[in-house]
Engineer: 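Attaching a single structure in structure tokens format; questions to follow.
Basis for what follows: all heavy atoms, side chains included, without hydrogens, waters or symmetry-related copies. Every chain is numbered from 1 and lettered A, B, ... according to where its sequence line falls, protein lines coming before strand lines.
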Protein chains: 2
Amino acid sequence: MPEPDGDLILDRLIHEPGRLAILTVLSSVSDADFVFLQRTTGLTKGNLSSHLSKLEDGGLVEIVKSFVRKKPNTNVALTPVGRERIARHWEQLERLRKLAEPSS
Amino acid sequence: MPEPDGDLILDRLIHEPGRLAILTVLSSVSDADFVFLQRTTGLTKGNLSSHLSKLEDGGLVEIVKSFVRKKPNTNVALTPVGRERIARHWEQLERLRKLAEPSS
DNA sequence: GTGAGAGGTTTGCAACGCCAACTAGTTTGA
DNA sequence: TCAAACTAGTTGGCGTTGCAAACCTCTCAC
């Protein structure tokens, strides 16, 4: 089965809209806590929780749990790997979009 | 539950990598047959078939089946609606990507 | 006619996303 | 003081999806 164009394979872990939103927010803030992410992405708690687990499993983010003012606090930040992979992902999308432009 | 940014909701029908690839190819060629799409997208037949059905159900593409040199031939083209929706989708992605750029 | 190949479609299943329900602890207030 | 309400998440159940393998129908070469 012929590959389409070499490396135009989109990373599903990143591509999923919910996670893309999370990663996008994280790209611009260095780190964020659960509540902040929930507000900015519009995801439900459950959703956000499971997406974060997957991103952590994939090594894209680092999660640090602690207690802030006696309440549980989940802090999330991109790992260097995550930062690189999301950058690559945007490049892939850009490349794909270019293909779609009929030179017009 | 607060909406994240109003209309930054990604269209899942379009966003799915396989279909994004199909739509991207179709954006640049006006119409294409099954085999051509399979080659350019790298999808398997089964996959391509089911994705095309979904795109058709969603009104994004028009599918015309006929016989070419006695063999079945499936021809696919974007509908005006499809063309518009994929354009909007790229806009949404662009907006999202902009959010990720920390002004650097 | 028989085998190989083209051009797809259908099926079966694992993985995924999503919401609702639940857990664990804290604050409020009667 | 003790229960109701709130904060901050996690887990479970379920429907949907994507994927590849198996299958189908027809054609052509021999």
Engineer: Distance check needed: dT23(C) C1' versus Phe34(A) CZ, whole Å only.
Structural biologist: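 Rounded to whole Å, this separation is 14 Å.
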Engineer: Do any N or O atoms from the side chain of Arg19(A) and from the backbone of Leu13(A) form a donor-acceptor pair under 3.5 angstrom?
Structural biologist: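 Flag set: sc Arg19(A) to bb Leu13(A) pair under 3.5 Å.
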Engineer: In whole angstroms, how far is the P atom of dG7(C) from the CZ atom of Phe67(B)?
Structural biologist: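 Distance, rounded to whole Å: 12 Å.
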Engineer: For dG7(C), does either OP1 or OP2 sit under 4.0 Å from a side-chain N or O belonging to Arg39(B)?
Structural biologist: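 Answer is no, no contact under 4.0 Å.
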Engineer: To the nearest 0.5 angstrom, please state how far the OG1 atom of Thr41(B) sits from the CZ atom of Arg39(B).
Structural biologist: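 Between Thr41(B) OG1 and Arg39(B) CZ, I get 11.0 Å after rounding to 0.5 Å.
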Engineer: May I have the step-by-step check of side chain to side chain contact (heavy atoms under 4.5 Å, CB included) for Leu20(B) and Trp90(B), ending in yes or no?
Structural biologist: CA-CA 10 Å; Leu20(B) 190 55; Trp90(B) 284 118; 4.1 Å; yes
Engineer: Can you see if the side chain of Asn47(B) gets near the phosphate of dC19(D) - specifically, an N or O under 4.0 Å from OP1 or OP2?
Structural biologist: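 Answer yes for this pair, as a side-chain N or O of Asn47(B) is under 4.0 Å from OP1 or OP2.
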Engineer: For dC19(D), does OP1 or OP2 lie under 4.0 Å from any side-chain N or O of Arg12(A)?
Structural biologist: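 The answer is yes; a side-chain N or O of Arg12(A) sits under 4.0 Å from OP1 or OP2.
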Engineer: Any donor-acceptor pair under 3.5 Å linking the side chain of Thr74(B) with the backbone of Asp33(B)?
Structural biologist: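 Not at all, since once roles are kept as given, no pair shorter than 3.5 Å links the two residues.
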Engineer: Between atom CG in Leu52(A) and atom P in dC18(C), what is the gap in whole Å?
Structural biologist: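 Taking CG of Leu52(A) and P of dC18(C), I get 13 Å after rounding.
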Engineer: Rounded to the nearest Å, what distance is computed from the CG atom of residue Asp57(A) to the C1' atom of nucleotide dT10(D)?
Structural biologist: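 That distance rounds to 14 Å.
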Engineer: Starting from the 5' end of DNA chain D, give me the residue, Pro72(A) or Gly46(A), whose nearest nucleotide shows up first.
Structural biologist: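 Mapping each residue to its closest nucleotide by heavy atoms, the 5'-most match is Pro72(A).
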Engineer: Could you state the CD-C1' distance from Glu16(B) to dA15(C), rounded to the nearest angstrom?
Structural biologist: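 Rounded to whole Å, this separation is 12 Å.
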Engineer: Let me know the distance between CG of Leu10(A) and C1' of dC19(D), rounded to the nearest Å.
Structural biologist: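 One finds 16 Å between C1' of dC19(D) and CG of Leu10(A), rounded.
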Engineer: Using a heavy-atom cut-off of 4.0 Å across all strands, would you classify Lys70(B) as base, sugar-phosphate, or nothing?
Structural biologist: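 It contacts sugar-phosphate atoms only.
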Engineer: Can you tell me how far C1' of dT16(D) sits from NE2 of His15(B), to the nearest Å?
Structural biologist: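 The distance from NE2 of His15(B) to C1' of dT16(D) comes to 17 Å, rounded to the nearest Å.
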Engineer: Reading DNA chain C from 5' onward, which residue's closest nucleotide shows up sooner: Ser50(A) or Arg69(A)?
Structural biologist: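 Upstream on the strand: Ser50(A).
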Engineer: If you only use heavy atoms from C-beta on, which nucleotide in dC19(D), dC18(C), dG9(D) is closest to the side chain of His51(B)?
Structural biologist: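 Of the candidates, dC19(D) comes closest.
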Engineer: Consider the side chain of Lys54(A), meaning its heavy atoms from C-beta on, and name the nucleotide among dC16(C), dT10(D), dC19(D) that approaches it most closely.
Structural biologist: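 Looking only at heavy atoms from C-beta outward on Lys54(A), the closest nucleotide is dC16(C).
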Engineer: Report the nucleotide, chosen from dT10(C), dT17(D), dG9(D), that has the shortest atom-to-atom distance to any side-chain atom of Lys65(A).
Structural biologist: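 Between dT10(C), dT17(D), dG9(D), the one nearest the side chain of Lys65(A) would be dG9(D).
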Engineer: Using OP1 and OP2 only, check whether a side-chain N or O of Ser49(B) sits under 4.0 Å from dT9(C).
Structural biologist: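 For dT9(C), OP1/OP2 do have a side-chain N/O of Ser49(B) under 4.0 Å.
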Engineer: Specify the separation, in whole Å, of atom CG of Leu43(B) and atom P of dA21(D).
Structural biologist: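 Roughly 14 Å, once rounded to whole Å.
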Engineer: Using a cut-off of strictly less than 4.0 Å, decide whether Thr44(A) has a side-chain nitrogen or oxygen near OP1 or OP2 of dC18(C).
Structural biologist: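 For Thr44(A), the contact criterion (side-chain N or O under 4.0 Å from OP1 or OP2 of dC18(C)) is not met.
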Engineer: Is the closest basic N to carboxylate O distance between Glu94(B) and Lys98(B) below 4.0 Å?
Structural biologist: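 Salt bridge: yes.
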Engineer: Tell me whether the side-chain N or O atoms of Lys71(B) pair up with the base of dA6(C) as donor and acceptor below 3.5 Å, since no angle test is needed here.
Structural biologist: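 Looking at the base of dA6(C), it does not pair with any donor or acceptor on the side chain of Lys71(B) (distance under 3.5 Å).
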Engineer: Please walk me through it: do Leu52(B) and Leu37(B) pass side chain to side chain contact (heavy atoms under 4.5 Å, CB included)?
Structural biologist: CA-CA 10 Å; Leu52(B) 286 179; Leu37(B) 281 177; 4.2 Å; yes
Engineer: Mind checking Thr74(A) for me? I need base, sugar-phosphate or nothing, with any heavy atom below 4.0 Å counting as a touch.
Structural biologist: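 Result for Thr74(A) = sugar-phosphate.
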